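What follows is a set of notes on a single structure, which appears directly below.
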Amino acid sequence: MSVLEDIFIKIMGSKIFKNRDLLKPDYIPEKLPHREREIIKLGSLLAPALKGDRPNNVFIYGLTGTGKTAVTKYVAKKLEESAKKFNAKVKFSYVNCRQNDTPYRVLVELCESIGVKVPFTGIPTAEVWRRFIKGLEVLSAQMIVILDELDCLVKKHGDDILYRLTRANENLRESQISLIGITNDLRLNDFLDPRIKSSLGEVEMVFPPYNAVQLEDILLERAKKAFYKEALDEGVISLCSALAAREHGDARKALDLLRVAGELAEQEGAEKVTLNHVWRARDELEKDKVSEIVRTMPLHGKLILLSILKLKKRREKLPTSGKIYSTYKSLCYALDIAPLTSRRISDIINELDMLGLITARIVNRGRYGRTKVVKLNVQHKFLEDIVAEEPRLKEVLRKR
DNA sequence: CGTCCACAGGAATGACGGGCGG
DNA sequence: CCGCCCGTCATTCCTGTGGACG
């Protein structure tokens, strides 16, 4: 029997997943535990749309995995259903601003959602804008625009499009627009023009993180339908919840852990998902995250990471920026690459800190100056594997 | 108690590449 | 389509800093 066939048989014979899709991040369940209040609040805020009144603009804050998108989509779905019943003209448009991260692309998305066709390049933004307004007038509806991950758009391209959208109602007679802005970044306010702040932030909602108990409820709810009975070992759900609670109560993380643990169990033909699978799922997820960050990092960032790694391996003490810089320089020398200035390296170290790969804190050592002490936050094994993917770095790594 | 270490990190400036308006 | 402008990455030059040491 071939290896591949073996895998297929294992999957087919597996009694783990009933419906794996229920654990995917974009799935919107029928029940959202511990978000009942948010659902009611958002629902009542948007309800005027059914009567043809423009709802207030809403701004939703919350860290990743706090249910912002799920709640918004859920309410949108329900409202659309009701609108059909009451024969009210309500139109929702959901745009993810991370995927569509230019004003142009956002506008194109909006046009398409109301059935206006525009080429995705070739015509000026102003023309797309004009067609959007025209299409909207024909539609004669209450339009509710959901801008998810708004921070990505605003940080890259400013708040101009928000300004236009909030002001669009002045040019509309048959239709009206209202906005729902969703952001992970609580500091987004600082990037916004005060005028926008006042009009977009007519109502603000903050989604608090889930605690471990709440996460457990969420997982239980999903697991009921996603897994076969008895497929989960005792404590699996609690462990997933606990691990995710540690990371600012991220429900998506909790679901990811559970799903990946299940996948691991399935792949090896296990009867049940065990605690061990969860731990391995955590490693897997961390590795994925780290590898994604590292892979897209410029060469010198990788070299710095490598330098930290080498220092950590060789010596006992925590590396300081000076030490890192000199090992980095010798690394560059060995690879025949021109090294950057220490000033720049200082910034790169800060960037790595921002990404969460390392923790750098400033330490005063009196007579012996002032430095940044750096601590690696990732398991060495992962980093080595990932950094080694860069062919040039591979040999350096082999040489200890 | 002053010095001075070993950097931190701000400001100004330049090279480069990519998107936008005309 | 082209030139322009803007953001990013990097360098240069610089001032600032907490505390161990003499």
Side-chain angles (χ1 to χ4, degrees), chain A residues 95 97-111 118-133 149-165 185 187-188 190-193 292-308 310-312 315-333 335-376 390 392-393:
Chain A
V95 182
C97 303
R98 185 195 291 276
Q99 283 149 27
N100 304 288
D101 60 353
T102 68
Y104 187 87
R105 255 177 278 166
V106 170
L107 220 42
V108 170
E109 282 292 310
L110 291 179
C111 282
V118 276
F120 46 92
T121 181
I123 56 175
T125 314
E127 172 62 17
V128 185
W129 184 252
R130 212 181 53 77
R131 291 193 201 178
F132 171 63
I133 296 290
E149 309 204 58
L150 187 56
D151 36 333
C152 291
L153 179 67
V154 171
K155 275 182 207 160
K156 272 190 204 161
H157 298 277
D159 50 11
D160 186 55
I161 187 164
L162 294 181
Y163 183 66
R164 284 160 179 251
L165 277 171
D185 191 340
R187 302 164 303 135
L188 186 68
D190 305 342
F191 293 87
L192 293 178
D193 193 282
E292 198 192 312
I293 297 173
V294 173
R295 201 168 296 135
T296 59
M297 205 158 59
L299 176 64
H300 291 281
K302 290 181 190 170
L303 285 170
I304 294 298
L305 265 183
L306 206 52
S307 308
I308 298 170
K310 285 183 96 180
L311 283 170
K312 192 88 182 264
R315 270 162 238 156
E316 342 67 53
K317 281 190 288 178
L318 291 172
T320 63
S321 43
K323 290 275 181 217
I324 293 170
Y325 186 56
S326 52
T327 31
Y328 158 79
K329 265 202 298 196
S330 62
L331 217 54
C332 286
Y333 180 70
L335 290 164
D336 203 21
I337 294 169
L340 304 178
T341 359
S342 60
R343 178 65 185 85
R344 182 68 187 111
I345 297 312
S346 173
D347 279 344
I348 290 182
I349 290 177
N350 287 338
E351 282 161 27
L352 293 177
D353 189 339
M354 291 291 226
L355 289 168
L357 295 179
I358 63 175
T359 308
R361 60 173 228 282
I362 306 150
V363 164
N364 273 299
R365 295 188 297 179
R367 181 59 254 270
Y368 303 104
R370 142 193 256 236
T371 345
K372 247 186 308 214
V373 170
V374 170
K375 186 171 142 275
L376 208 52
E390 182 109 4
R392 281 189 286 181
L393 303 184

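Keep in mind it's a predicted model, so treat the numbers as computed, not measured. In what follows, chains are A, B, ... by sequence order, proteins preceding strands, each numbered from 1.
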From [X] [atom1] over to [Y] [atom2], what is the distance, rounded to the nearest 0.5 angstrom?
X: A:Thr359; Y: A:Lys375; atom1: OG1; atom2: NZ; answer: 4.5 Å
X: A:Arg361; Y: A:Thr371; atom1: CZ; atom2: OG1; answer: 10.5 Å
X: A:Leu165; Y: A:Leu107; atom1: CG; atom2: CG; answer: 7.5 Å

Apply side chain to side chain contact (heavy atoms under 4.5 Å, CB included) to the pair A:Ser321 and A:Ile345, showing each step before the final yes or no. CA-CA 8 Å; A:Ser321 43; A:Ile345 297 312; over 6 Å; no
So among A:Lys323, A:Lys310, A:His300, which one has a side-chain hydrogen bond (donor to acceptor under 3.5 Å, both in side chains) with A:Tyr328? A:His300
Do A:Lys372 and A:Ile324 pass the side chain to side chain contact (heavy atoms under 4.5 Å, CB included) test, and can you show the C-alpha distance, the side-chain angles, and the key distance before you say yes or no? CA-CA 10 Å; A:Lys372 247 186 308 214; A:Ile324 293 170; over 6 Å; no
If the sugar-phosphate is the primed atoms plus P, OP1 and OP2 and the base is the rest, what is the B/S/- string for nucleotides 8-16 of chain C, using protein heavy atoms under 4.0 Å? -SSSB---B
For the backbone of A:Leu303 and the side chain of A:Ser307, can you confirm whether one donor and one acceptor N or O come within less than 3.5 Å of each other? yes
Are there any protein N/O atoms within less than 3.5 Å of an N/O atom in nucleotides 19-22 of chain C, and if so, which ones and at what distance?
from, atom 1, to, atom 2, distance (Å)
C:dA20, O4', A:Arg367, N, 3.2

Integer-rounded Å distance: B:dA6 C1' and A:Ile349 CD1: 13 Å
Contact check, residues 354-362 of chain A vs DNA chain C, heavy-atom distance under 4.0 Å, returns none
When you measure from the side-chain N and O atoms of A:Lys372 to the phosphate of B:dG9, is any distance below 4.0 Å, counting only OP1 and OP2? yes
With a cut-off of less than 4.0 Å, is there a side-chain N or O of A:Ser321 near OP1 or OP2 of B:dC7? no
If you take all heavy atoms of [X] and [Y], which pair is closest and at what distance?
X: A:Pro339; Y: A:Lys329; value: CB-CG, 4.0 Å
X: A:Leu340; Y: A:Tyr325; value: O-OH, 2.8 Å
X: A:Glu149; Y: A:Cys97; value: O-CB, 3.5 Å

